[in-house]
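Report on one structure; see the data block that follows.
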Amino acid sequence: MKRTIIPAMLLGAGFAGAILSPIGAQAAERPIRWNTGGAVWSTYQQPITTFLSTGAITDRGLQDGIHLSGWTAEEIRAGMNKPYSVDFLSVANFLYSTAGVQFLDEQTRSYLPYWTLKQDAVVALRSAIMADALDGSISSAGILAALPVDFRLADTDRFDGKQNVCDRVHATTPAQSTSLLSWYVFLPACIQARQVASSSSSLAPPNSAPLKPVKGMW
């Protein structure tokens, strides 16, 4: 697996621990394993890539996920492909802060690493976001493609199969507010809105004011 090492001079002393945990740059083989029905169904990366590039739906789990998302297939496709400009250090400033860790924990309510579940959920999702942010832009498609391990949408004794969609202004129905694909659509905009600007010489403290929230996803 390829790895991207972030130089210490770019991260600063506050992120020394991150250097020991390189950001994964290779897509998980099965980024969505639907564990919300009678059996587990694995959606591989290729059907997702096909859908995002052409609109063709060639996977049963993906088809069901779109149907249950509260949005049309074209709305999901447009939302997941939309890029959001970010600053790498500003995103890191937020995601490594206390507020950022809490955000990541809330955002992995039922969508988490297949084998280790909540144990590595925050680290794995943060890794994918930071890997996608390296070029100054993030998107749902980019974050999903950068997941370092297989993720499952779990509906078990511990998890209810629902996600905390972070934009409740635009996600108004139960499906839009809890479905996995709706969650993916809104995640980049919420990160963009919460990134914390830092100076070139030092990182801003965790309680720095976030940037002004952006408008809707489309």
Side-chain angles (χ1 to χ4, degrees), residues 28 31-37 41 43 48 51-52 57 61-86 91 94-95 97 99-114 117-118 121-130 132-133 137-147 150-156 158-196 210-218:
I32 307 178
R33 303 187 73 181
W34 310 89
N35 190 195
T36 52
W41 177 271
T43 295
I48 298 173
F51 167 66
L52 293 176
I57 303 171
L62 181 59
Q63 183 177 42
D64 290 344
I66 293 171
H67 177 70
L68 297 173
S69 70
W71 306 99
T72 67
E74 279 307 305
E75 286 173 329
I76 290 293
R77 184 180 173 220
M80 291 190 68
N81 280 321
K82 181 174 180 178
Y84 293 82
S85 297
V86 295
V91 172
F94 170 61
L95 294 182
S97 71
V101 171
Q102 180 179 350
F103 172 81
L104 291 167
D105 183 62
E106 293 172 349
Q107 293 303 297
T108 51
R109 171 177 170 177
S110 295
Y111 184 59
L112 19 73
Y114 186 82
L117 303 177
K118 269 295 189 181
V122 167
V123 174
L125 180 57
R126 181 169 59 199
S127 172
I129 295 168
M130 295 307 302
D132 192 35
S137 176
I138 60 174
S139 68
S140 304
I143 293 171
L144 185 149
L147 291 175
D150 291 350
F151 266 55
R152 73 162 79 181
L153 180 65
D155 185 3
T156 64
R158 293 178 55 192
F159 308 102
D160 60 8
K162 299 177 181 179
Q163 279 293 96
N164 293 321
V165 176
C166 54
D167 188 339
R168 295 303 178 88
V169 174
H170 297 92
T172 57
T173 69
Q176 292 171 356
S177 300
T178 61
S179 65
L180 177 64
L181 294 182
S182 184
W183 170 81
Y184 254 123
V185 164
F186 287 105
L187 180 63
C190 291
I191 294 167
Q192 183 194 57
R194 288 166 171 78
Q195 62 182 332
V196 179
L211 300 182
K212 184 178 179 181
V214 295
K215 294 182 178 181
M217 57 183 178
W218 293 302

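Quick caveat: nothing in here was measured; it's all calculated off a predicted structure.
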message: What verdict does the side-chain contact (heavy atoms from CB on, under 4.5 Å) test give for T156 and F159, after you've listed the backbone C-alpha separation in whole Å, the side-chain angles of each residue and the deciding distance to 0.1 Å?
response: CA-CA 5 Å; T156 64; F159 308 102; 3.5 Å; yes
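- Not a single donor-acceptor pair under 3.5 Å links the side chain of R33 to the backbone N or O of R152.
- The CZ atom of R109 sits 10.5 Å away from atom CG of L153, with the distance rounded to the nearest 0.5 Å.
- Taking NE2 of H67 as the reference point, atom CD1 of I57 lies at 11.5 Å (rounded to 0.5 Å).
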task: Could you walk me through whether V86 and D132 pass the side-chain contact (heavy atoms from CB on, under 4.5 Å) test, one step at a time?
output: CA-CA 10 Å; V86 295; D132 192 35; over 6 Å; no
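- The aromatic rings of Y111 and F151 are tilted relative to each other, their planes meeting at an angle between 30° and 60°.
- Taking the side-chain contact (heavy atoms from CB on, under 4.5 Å) definition, one finds that T173 meets it with A175, Q176, sequence neighbours left out.
- With values rounded to the nearest 0.5 angstrom, K82 atom NZ is found 10.5 Å from F186 atom CZ.
- Here the CD1 atom belonging to I76 is positioned 11.0 Å from the CG atom belonging to N81, to the nearest 0.5 angstrom.
- Distance check: I191 CD1 to I138 CD1 gives 4.5 Å after rounding to the nearest 0.5 Å.
- Side-chain atoms of S110 and D155 include no donor-acceptor pair closer than 3.5 Å.
- Minimum interatomic distance between I143 and P188 (heavy atoms only, all atoms of both residues): CD1-CG, 4.3 Å.
- Between S140 and V185, the shortest heavy-atom contact is OG-CA, 3.5 Å.
- Rounded to the nearest 0.5 Å, atoms OG1 (T43) and CD (Q63) are 10.5 Å apart.
- W34 approaches L62 most closely through the heavy-atom pair NE1-N, 4.0 Å.
- Contact record, G61 with W41: N-NE1, 3.1 Å, taken as the closest heavy-atom pair.
- Side-chain contact check for S97 versus V196: every heavy-atom pair is 4.5 Å or farther apart.
- The two residues S182 and W71 have their closest heavy-atom pair at OG-NE1, 3.0 Å.
- Side chain of E106 to main chain of F103: no donor-acceptor pair is present (N/O by atom type, distance under 3.5 Å, no hydrogens or angles).
- Nearest heavy-atom pair across V165 and S179 is CG2-O, 4.0 Å.
- A donor-acceptor distance shorter than 3.5 angstrom exists from the side chain of R126 to the backbone of L95, with no hydrogens or angles considered.
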